[in-house]
Amino acid sequence: MGILLEKIHSPEDLKSLSRQELDQLCEEMRELIIRTVSNNGGHLASNLGVVELAVAIGLAFQPDRDGIVWDVGHQSYPYKLLTGRYGAFHTLRQEDGLSGFPNREESSYDHFTSGHSSTSISSALGLSEANHLQQKEGHVVAVIGDGALTGGLAFEGLNNAGQLRRNLIVILNDNTMSISKNVGSLARYLSHMRTRPGYIKAKSNVEDALRRLPLIGRPIAVLMRRVKRNLKKMLYSSNIFTDLGFAYYGPFDGHNIRELTETLESAKLLHKPVLLHVRTYKGKGYQYAEQSPTRYHGLSGFDVDTGDTGEKAQSFSDVLGQTLCELAERDSRICAVTAAMAEGTGLSEFRRRFRGRFYDVGIAEEHAVTFAGGLAAGGMRPVFAVYSTFLQRGYDQLIHDVALQNTQVLLAIDRAGVVGEDGKTHQGLFDTAFLQTIPGTVLYSPAYFQELREQLAFLSRLSSGLCAIRYPRGKELYKPAWFHDTAEPFSVYGEGTLCIVTYGRIFSFAAEAAECLRKQGYGVRVLKLNRIIPIAPAAIAQSLDCKHIFFFEEGIRQGGIGEHFGSMLLEAGYTGGYTLKAVDNPFVSHAPMFRALEHLGLSAKGIEGTVLEYLRGEGTGHAQKET
C-alpha cells in the first residue's frame with residue numbers, strides 16, 4: 001500500500017509514471033480512500049468515482065498555477081492525495097486535520113473553498129476573468145456533477161461564461177443520468193476526432209490561411225463554418241451547452257486516463273468556453289458502494305470487509321419524517337419539499353407513502369422556497385425540509401415569496417447548530433439570526449424527540465405566516481427526570497437568583513450544569529425557550545428578579561436570540577447582570593460535535609465553568625448558596 005502514492009508530492013510527479021503505474025496509483029488511491037473513510041467517516045462513493053479524472057487533470061494541467069475548482073468539493077479526496085497531502089490524509093475530517101472539502105487555508109492547490117453545490121462554474125469564471133484582467137497565463141477548470149447542475153446558480157454561470165467567452169473548461173461529471181442523448185457511433189467518433197490536438201491546430205491554421213486570401217478568403221471561411229454547423233446539426237442533437245456558447249465534446253469514459261488526458265490537452269488549445277461531458281460510476285472499485293452509491297455517499301464509518309455501516313440510532317431527522325407522515329395522514333393538504341436531500345432529511349418514508357405530495361426539486365433551495373410559497377398560496381400546507389446551512393441560499397425568497405405573501409410555509413431546519421466533522425461550510429449557525437429579521441416568523445427549537453413531535457404538530461395547524469422548527473443533527477442527549485415536553489413558548493425549572501437561559505440541544509448541557517451547581521449549593525433556575533422567535537414577554541417577566549442571567553446559544557452572537565433576549569430585558573427595566581455566551585466566529589472548524597461545543601464553551605462543563613467564574617469574580621459566591 002502506498003508504494004507509488006508515497007512518491008507523489010505534486011501533480012508534476014504524475015508525468016513520469018507509465019500507463020501501468022498510473023493504473024496502479026488509482027488502485028492505491030481507492031484503497032486508501034476506502035480505509036480512511038471507514039475510520040474517519042466522510043464521502044465515499046463520489047470520491048471513488050473521480051479517481052481517474054483527478055489523475056487526468058493532474059497530468060493535463062499545472063494545478064499550482066491553473067485554477068482547479070471542484071463543485072461542492074465532497075469529491076476532492078483524490079485531488080488532495082495528488083497535491084501533497086498524502087502524508088496527512090489519515091487526519092481527514094479530524095480535529096486539526098485535513099478538511100473534507102477544498103479549503104484555501106489548507107493548500108495553495110485549493111483555489112476556491114467550497115462546500116455548497118453549484119458554485120464551481122461561477123467561481124471558476126471569476127478566476128478566469130481575473131487572469132484575463134491581469135494578463136496572467138493559465139487555464140481554469142470547473143468540475144461539476146450532474147446533480148449540482150440542477151442548481152440555478154450553475155446555469156447562471158454557464159450563461160455568463162458563454163457571453164464573456166473566456167478560457168474556461170467545464171467538466172461535467174455525469175454519474176447518474178444522461179444529460180444529452182447519444183446519437184450513435186459516428187457522433188462519438190467525430191467527438192473524439194474533433195478533440196484531437198492535431199485536428200484543432202489544423203482547423204485553426206486553415207481558417208487563418210483562408211482569412212488572409214484577398215477578396216475570396218473570408219467568404220470561403222464563413223461558408224465552411226456554415227457547412228460545418230449544418231453538418232453537426234445533422235449528426236448531433238442540439239443541447240443547451242452549445243446554445244449557451246460552449247464548445248461541447250463528449251460523452252467520454254471518465255475512467256480512461258489516456259482518453260481524458262488527451263481530451264483535456266485539446267480543450268486547452270481552444271481558448272474559449274468548453275464543456276467536456278464525462279461518464280463515471282459512483283463507488284467504482286468498492287462493490288458495496290457500486291451497488292448502493294446513495295447509502296455510501298456520506299458515512300460516519302463502516303466495516304470495509306462486510307460493508308456494514310452499523311446500527312443507525314434514531315435521529316431528529318427520522319422523527320421529523322415519521323411525524324410528518326402521521327400529520328399527512330390526517331391532513332391531505334400537507335406536502336413535503338426537499339432540495340435533493342430526501343434521505344438526509346428523513347423524508348424517504350413520506351416519499352414512499354405520499355408520492356403525489358412529495359417534491360424533490362433538485363439542488364435548488366431558492367426555487368424550493370418559492371415553489372413552497374406557491375403551493376401555500378394555492379391552499380396547500382408545504383413543509384420544506386432543509387439543512388440549516390443550505391437554507392441560507394433562500395433568504396430573499398423567504399422574505400419576498402413567503403413572508404410578504406402571508407402564506408403558511410413550514411420550514412423543517414435540519415442540522416441546526418454545530419454539525420461536527422463537515423466543518424466550516426456546513427455549520428448551521430446563521431438561521432436564527434437571519435430568520436429573526438423576517439416579519440411574522442415563528443420559530444421553535446426542540447431539544448428532544450417528543451418535543452419535536454408536539455411542536456411540529458402545533459406549527460402545522462397555524463393558518464398563516466412563515467413557521468419553522470430547527471433541530472440538531474443526530475440523536476437526543478441527556479434528558480433530566482424533571483423535564484416535561486411541551487409546545488408552550490417556554491418552560492422554567494428550579495429556583496434561584498442565578499438563571500441559565502438557553503434553547504434547543506444546549507438545554508441538555510445546561511440541565512447537567514445546573515444539577516452540578518445545585519450539588520455545590522448554588523440556587524440556579526433554568527429557563528428553556530421553546531419558541532425562540534418571537535420570544536414570549538412572559539419569559540422576560542420570569543427573569544426580572546434574577547441577580548444574574550447567563551444566556552447560552554448554539555448560534556451566532558450578532559443578531560442572535562441571546563442579543564434579542566438581552567435587549568428585551570433592558571426594555572423591561574432589568575437591573576441585574578447579563579452574560580451572553582454564543583458563537584463569535586461562526587466559521588467553526590471541523591471537529592467532533594462534542595469537542596467543537598467544548599471549544600465554544602457550550603458543553604456542560606463550559607456552562608458550569610462560566611457560572612462559577614462569575615461567582616468567583618463576585619467574591620461573594622457563598623452568598624449565592626442555598627441554605
Side-chain angles (χ1 to χ4, degrees), residues 115-117 315-317 320 337-339 341 344-346 363-366 368-370 372-373 382-403 409-420 422-447 451-452 455-456 459 465-474 502-507 529-535 551-565 580-588 593 596-597 600 602:
H116 289 190
S117 172
S315 68
F316 280 93
S317 304
L320 179 281
V337 180
T338 179
M341 297 298 291
T345 57
I363 305 176
E365 291 84 3
E366 302 97 318
V369 173
T370 302
V383 179
F384 176 31
V386 58
Y387 289 7
S388 172
T389 185
F390 301 140
L391 179 61
Q392 293 162 190
R393 297 179 149 203
Y395 180 65
D396 173 65
Q397 288 74 23
L398 290 171
I399 295 172
H400 186 274
D401 302 328
V402 178
V409 171
L410 201 163
L411 303 174
I413 306 174
D414 205 327
R415 269 66 165 178
V418 171
V419 297
D422 281 341
K424 293 180 180 180
T425 56
H426 284 64
Q427 310 289 9
L429 300 171
F430 292 93
D431 58 278
T432 52
F434 71 69
L435 286 173
Q436 194 159 221
T437 67
I438 301 177
T441 298
V442 175
L443 174 61
Y444 275 74
S445 183
E451 276 193 305
L452 173 57
Q455 293 172 15
L456 185 67
L459 289 171
L466 176 62
C467 303
I469 188 165
R470 72 186 304 267
Y471 43 91
R473 178 183 188 176
T502 191
Y503 61 89
R505 171 168 58 186
I506 300 302
F507 173 76
L529 296 176
N530 301 315
R531 191 184 72 199
I532 59 177
I533 302 176
I535 296 171
F551 198 107
F552 295 92
E553 178 166 15
E554 192 180 355
I556 64 171
R557 173 190 291 268
Q558 190 172 10
I561 306 302
E563 277 195 353
H564 190 54
F565 193 90
L580 171 59
K581 195 79 171 178
V583 182
D584 291 305
N585 179 5
F587 298 127
V588 178
M593 180 268 290
L597 292 175
L600 294 168
L602 297 174

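For reference, positions follow the sequence shown, starting with 1. Model, not experiment: these values are computed from the prediction.
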Among residues at least two apart in sequence or on other chains, which ones pass salt bridge (charged side-chain N to carboxylate O under 4.0 Å, His left out) with E365? R393
If you define the side chain from C-beta out and look only at heavy atoms, does anything of L435 sit under 4.5 Å from I413? yes
Indicate yes or no: at least one non-hydrogen side-chain atom of T437 is less than 4.5 angstrom from one of Y395. yes
Tell me whether the rings of H426 and H116 are parallel (<30°), tilted (30 to 60°) or perpendicular (>60°). perpendicular
Within the distance-only criterion (no hydrogens, no angle test), does the side chain of R531 pair as donor or acceptor with the backbone N or O of P534 below 3.5 angstrom? yes
State, yes or no, whether a side-chain contact exists between E553 and I506 at a heavy-atom distance under 4.5 Å. no
pair Q436-E563: side-chain heavy atoms closer than 4.5 Å: no
Can you find a heavy atom in the side chain of E554 that is under 4.5 Å from one in the side chain of L600? no
Would a distance-only check, ignoring hydrogens and angles, find a side-chain to backbone donor-acceptor pair under 3.5 Å from E366 to Q397? no
Would you call the rings of F316 and Y471 parallel, tilted or perpendicular, where under 30° means parallel and over 60° means perpendicular? parallel
Do side-chain atoms of Q392 reach the backbone of T389 as a donor and acceptor pair under 3.5 angstrom? yes
So, do L602 and V418 sit near enough that their side-chain heavy atoms are less than 4.5 Å apart? no
Treating R415 as the side-chain partner and Y387 as the backbone partner, does any N or O pair qualify as donor plus acceptor under 3.5 Å? no
Closest heavy-atom contact between A447 and G504? CB-O, 3.2 Å
Would you mind reporting whether F390 and I363 have side-chain heavy atoms less than 4.5 Å apart? no
Rounded distance [0.5 Å steps], CG in L597 versus CZ in F552: 12.5 Å
Spacing of L391 atom CG and D431 atom CG [to the nearest 0.5 Å]: 7.0 Å
Please report the closest heavy-atom contact between G417 and R470, naming both atoms and the distance. N-NH2, 3.5 Å
Between the side chain of T370 and the main-chain N/O of D401, is any donor-acceptor distance below 3.5 Å? no
Quick one: closest heavy-atom pair of G555 and A582, and the distance? O-CB, 3.6 Å
Side-chain heavy atoms of L456 within contact of Y444, under 4.5 Å: no
For L529 versus Y503, what's the shortest heavy-atom pair and its separation? O-CB, 3.2 Å
Apply salt bridge (charged side-chain N to carboxylate O under 4.0 Å, His left out) to D414 and list each qualifying residue two or more places apart in sequence or on a separate chain. none
